[in-house]
Amino acid sequence: MWRSATVRTSLGFVVLAIACVFVADFEISAHAPWAELGRLFLGLVQPDFEAVDYLGEAIVRTLAFAFVGVGLGAAAGLLLALVFRHLVVRTSCAFVRAIHELFWALIFLQFFGLHPLTGVLAIAIPYAGIFAKVYAEILDESDPSPSKVIPHGTGLVSALAYTRFSQAWPHLVTYTAYRLECGLRSSAVLGFVGMPTLGFYLESSFAQGQYATVGALLLLFYALIATLRLWARPRLLPFYLLAAPFLLGDGLPIRWQNVSRFFTEDIVPEPLRQGEGLAGLVPWLGDLLANEALPGIWNTLVLTQIALVATGLLTLALYPLVSHHFTGRHFTGRVRGALGHGVLVVMRSTPEYLLAFILLQLWGPSMLPAVVALAIHNGGIIGHLIGRRSNEVSLRPDAPRGIERYAFELTPRLYGPFLAFLFYRWEIIMRETAILGILGIATLGFYVDSAIQEIRFDRAMVLIVITALLNIGVDILARRLRNRLRLRHTAQSEP
Amino acid sequence: MLGRLSLVLSVALPLLLATSIAGASPFVFTAIPDEDETRLQQRFQKVADYLADELEVEVRFVPVKSYAAAVTAFRNDQVQLAWFGGLSGVQARQRVPGSQAIAQGVEDPDYKSYVIAHRDSGLTPVEGDSAPEALRGLTFSFGSKSSTSGRLMPEYFLRNDFGAAPEEIFERVGFSGNHSRTISLVASGAYQAGVVSYKAWENEVAAGNVDTDAVQVVWETPPYPDYQWTIRGDVDARFGDGFSERVQQALLDMDDPALLESFPRSGFIPVDNDDYEIIHQVGQQLDILD
């Protein structure tokens with residue numbers, strides 16, 4: 001068994017994560033962390049919907065930003081998917097999606113300011129990069145034979161529509177629906193940097209310890225996502241998309257000279273602006289790399305590694321909750337399965353950023369809240385997928401039960417897909433790890449936020465580009481590992 | 001269907017942009033989010049109403065999420081007037097040529113910060129101009145990274161007194177984001193000590209938000225200049241000649257206790273850019289300002 005590459009790789013990851021735990025800062029520094037958690041829980045069971053007179057507005061804006069952002073991203077992504085074979089397109093898409101929505105928002109805030117366009121583009125641009133990649137994968141997997149039998153002279157659009165699109169359609173729709181759910185989370189989180197969505201109010205009520213209001217806002221958010229399938233009907237979508245741009249709010253007017261100033265002055269490295277040329281640029285960059293980029297990269301890598309392994313362990317512990325091999329198929333089993341399902345839905349619906357923010361308030365500043373937040377969110381997602389996959393496995397009637405069934409029958413069979421999903425989320429976990437720095441954990445996002453607080457966008461941009469390159473590197477590494485271990489994973493297996 | 005969607009969007013988005021750009025622009029102001037937002041909203045909505053009456057233009061208050069966002073909005077001319085702290089004011093005026101500090105609170109020339117500590121840290125209040133040695137080795141929270149009273153000046157005094165950077169003095173250094181949060185983090189024990197604006201502390205204590213059994217003031221910093229109203233230089237061109245003087249006069253004339261109390265200041269006095277030279281120098285020294 002030790003010779004298997006899969007086992008060796010997994011063990012390598014675990015050992016590395018354990019080593020990281022020793023250098024990471026894991027201290028709970030709050031005096032009464034559980035009392036605070038209790039107060040939050042009380043807020044969730046006794047939410048005060050009356051306390052928030054802006055609830056309606058927060059919901060409408062959250063939906064509007066998600067719809068416009070995801071809609072634009074999907075439209076652009078579809079067009080890009082058609083030309084995705086070109087290296088330029090592939091590279092630019094990889095680059096834009098390697099930058100987190102919140103970083104995009106922080107960039108646009110500098111020149112569009114508190115205008116709806118800031119939030120819309122912050123979602124649309126990275127999503128376009130993701131859509132382009134996934135749509136291209138889906139289209140590539142469709143059977144090419146129909147395109148050989150269509151008459152000569154058929155227009156490009158009709159040819160695509162009747163061959164690849166018609167086959168890939170259900171997959172495209174499923175994936176787009178999934179991204180809409182992600183878009184709702186992104187939209188909510190944009191509130192933390194000033195967009196008028198749920199996060200805006202959540203942050204304020206949290207800061208003021210109004211847990212009943214926090215409870216109301218969180219429950220509404222869960223309700224919104226849990227009922228997504230009920231109200232986001234394909235027939236209603238054009239209506240939503242048409243209405244959404246008008247529901248974004250008006251914000252403050254854009255001044256276009258700010259846009260050119262941002263690109264021609266703000267992000268030009270300071271020594272170049274001062275006319276010091278290369279002689280000034282080298283020490284400037286060296287200083288930035290040594291004092292901010294390197295510590296940021298180190299912490300980002302350490303935290304990502306621990307979070308990745310914690311996510312994996314949590315997934316393996318949780319998937320039985322939604323697997324009928326463990327819950328049973330009869331009535332009580334179904335009830336248990338539904339409960340397990342509910343737990344995982346709540347786990348994956350809570351954005352990591354929000355979860356980390358909450359845990360940070362409760363436990364004080366260290367890497368612990370970030371690891372727990374990342375593991376809960378991502379464990380919820382992969383646990384759901386693996387649970388679903390386990391239901392496709394049929395066991396012999398005399399298969400062992402309980403822990404033996406778990407350890408010798410199911411987990412070995414599911415281990416391949418499990419690793420594939422985990423590697424797929426590696427890059428996502430790293431992107432989130434970087435962004436959690438904004439909350440005060442010293443990953444790359446912390447230094448980006450500091451640079452922005454000091455109105456030094458030249459530094460912020462260098463750090464953001466470094467973050468993006470780091471994400472692209474991890475993505476390449478993950479793909480190599482998947483190929484080496486012969487793990488098949490395509491976008492269609494996303495929830 | 002996706003084709004239809006992109007059609008819909010290509011029609012709707014330009015419309016969205018067009019509607020948001022058109023229309024006479026009101027006089028917009030903002031404030032650094034140094035305290036709890038509900039309080040800020042109440043405070044500045046009253047000020048907006050007052051200024052609208054005095055200036056006879058439409059006045060709008062826009063809340064922002066960070067100190068930097070306030071500076072950026074001012075710089076991008078999305079707001080024309082702002083209630084800045086010492087440092088954020090210097091940051092803003094450096095980037096908007098012609099902008100002027102026009103009024104500060106009566107208390108602002110001699111502003112100060114309080115170092116606060118949790119009872120369990122064992123710190124006892126001390127008098128005097130240098131920071132208590134007992135702070136060494138504790139966990140410590142500043143406020144916002146761009147706060148004058150919650151970061152810049154206390155950091156300056158601490159560096160002077162200890163001859164070391166905060167990361168070396170303390171076991172752990174954090175930035176809570178605002179004064180209210182610093183107080184609650186120290187009260188909860190998440191940090192053993194922290195530093196806040198003395199006005200924010202008094203405000204929170206008066207509002208009954210502070211568990212004074214858990215957290216107390218242990219040291220008071222020497223004085224320095226802080227908050228001020230700063231206005232853009234180009235408002236006269238947009239709102240008519242003499243507009244910035246009228247704004248200044250309206251601020252200086254503010255005598256309604258209900259308005260002043262919420263800051264809290266006993267009144268506003270004239271000020272100019274040079275009064276913040278010391279902040280500028282300290283900012284450069286700590287490499288926060290260019």
Side-chain angles (χ1 to χ4, degrees), chain A residues 25 27 29-33 36 68 71-72 74-76 78-79 109-117 120 157 172-173 176 191-194 200 203-204 207-209 234 237-238 241-242 244-246 248 250-255 258 270 361 363-366 440 449-450 452-456, chain B residues 1-6 8-13 15-17 19-21 23 25 28 36-38 62-69 71-73 75-79 91 94-95 118 120 139 141 144-146 172 174-178 180-181 184-185 188-192 209 214 288-290:
Chain A
D25 167 18
E27 195 185 334
S29 46
H31 268 229
E36 283 283 300
V68 182
L72 272 180
L78 191 65
L79 294 177
L109 270 176
Q110 309 315 325
F111 49 92
F112 290 147
L114 290 170
H115 186 277
L117 207 54
V120 166
V157 175
L172 292 174
V173 169
T176 312
F192 282 83
V193 294
F200 187 95
E203 205 236 1
S204 329
Q208 296 165 66
L237 280 183
L241 282 166
L242 195 61
F246 298 96
L248 293 169
D250 49 0
L252 295 170
I254 292 178
R255 304 207 189 281
N258 294 331
E270 195 215 328
Q361 306 289 312
W363 295 342
S366 76
D449 181 54
S450 298
I452 286 176
Q453 292 295 324
E454 291 165 12
I455 328 270
R456 285 167 164 166
Chain B
M1 189 186 77
L2 284 167
R4 222 189 310 158
L5 296 189
S6 41
V8 163
L9 283 168
S10 60
V11 175
L13 267 182
L15 267 176
L16 156 79
L17 276 176
T19 49
S20 60
I21 289 172
S25 45
V28 188
D36 281 351
E37 274 146 55
T38 29
V62 181
V64 290
K65 278 282 178 199
S66 71
Y67 285 44
V71 175
T72 305
R75 178 186 191 209
N76 288 346
D77 197 15
Q78 292 189 314
V79 304
Q91 284 180 325
Q94 249 186 3
R95 284 170 178 83
H118 196 275
D120 292 354
T139 58
S141 179
S144 161
K145 287 172 187 163
S146 324
R172 189 206 300 275
F175 295 95
S176 73
N178 70 44
S180 311
R181 211 170 300 168
S184 69
L185 284 175
S188 78
Y191 284 94
Q192 291 172 298
N209 294 337
I288 294 170
L289 288 171
D290 286 325

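Letters A, B, ... mirror the listed sequences (proteins, then strands); counts begin at 1. As the structure is a prediction and not an experimental result, all values here were calculated from the model.
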S.K.: Which bit of Gln78(B) is near chain A, if near means a heavy-atom gap under 4.5 Å: side chain, backbone, both or neither?
M.R.: both

S.K.: Quick one: side chain to side chain donor-acceptor pair (under 3.5 Å) partners of Arg456(A), sequence neighbours excluded?
M.R.: Glu454(A), Asp287(B), Asp290(B)

S.K.: Check whether Phe112(A) gets within reach of chain B through its side chain, its backbone, both or neither, counting any heavy atom under 4.5 Å.
M.R.: backbone

S.K.: Check each atom of Phe175(B) against the heavy atoms of chain A and say whether the ones under 4.5 Å are side chain, backbone, both or neither.
M.R.: side chain

S.K.: Could you tell me which residues satisfy salt bridge (charged side-chain N to carboxylate O under 4.0 Å, His left out) with Lys65(B), sequence neighbours excluded, listed by chain and number?
M.R.: Glu203(A), Glu37(B)

S.K.: Evaluate side-chain contact (heavy atoms from CB on, under 4.5 Å) for Leu114(A) paired with Val62(B), printing each intermediate quantity in order.
M.R.: CA-CA 9 Å; Leu114(A) 290 170; Val62(B) 181; 4.0 Å; yes

S.K.: Is Ser144(B) in contact with chain A via its backbone, its side chain, both, or neither, using a 4.5 Å heavy-atom distance?
M.R.: side chain

S.K.: Below 4.5 Å from any heavy atom of chain A, which atoms of Arg75(B) appear? Answer side chain, backbone, both or neither.
M.R.: both

S.K.: Between Asn258(A) (side chain) and Asn76(B) (backbone), is there a donor-acceptor pair under 3.5 Å?
M.R.: yes

S.K.: Is any side-chain heavy atom of Leu252(A) closer than 4.5 Å to a side-chain heavy atom of Val28(B)?
M.R.: yes

S.K.: Evaluate side-chain contact (heavy atoms from CB on, under 4.5 Å) for Gln94(B) paired with Ile455(A), printing each intermediate quantity in order.
M.R.: CA-CA 11 Å; Gln94(B) 249 186 3; Ile455(A) 328 270; over 6 Å; no

S.K.: From Ile452(A) CD1 over to Ser66(B) OG, what is the distance, rounded to the nearest 0.5 angstrom?
M.R.: 9.0 Å

S.K.: Which heavy-atom pair separates Asp77(B) from Arg255(A) by the least distance, and what is that distance?
M.R.: O-NE, 3.0 Å

S.K.: So for Asp449(A), is it side chain, backbone, both, or neither that comes closer than 4.5 Å to the heavy atoms of chain B?
M.R.: both

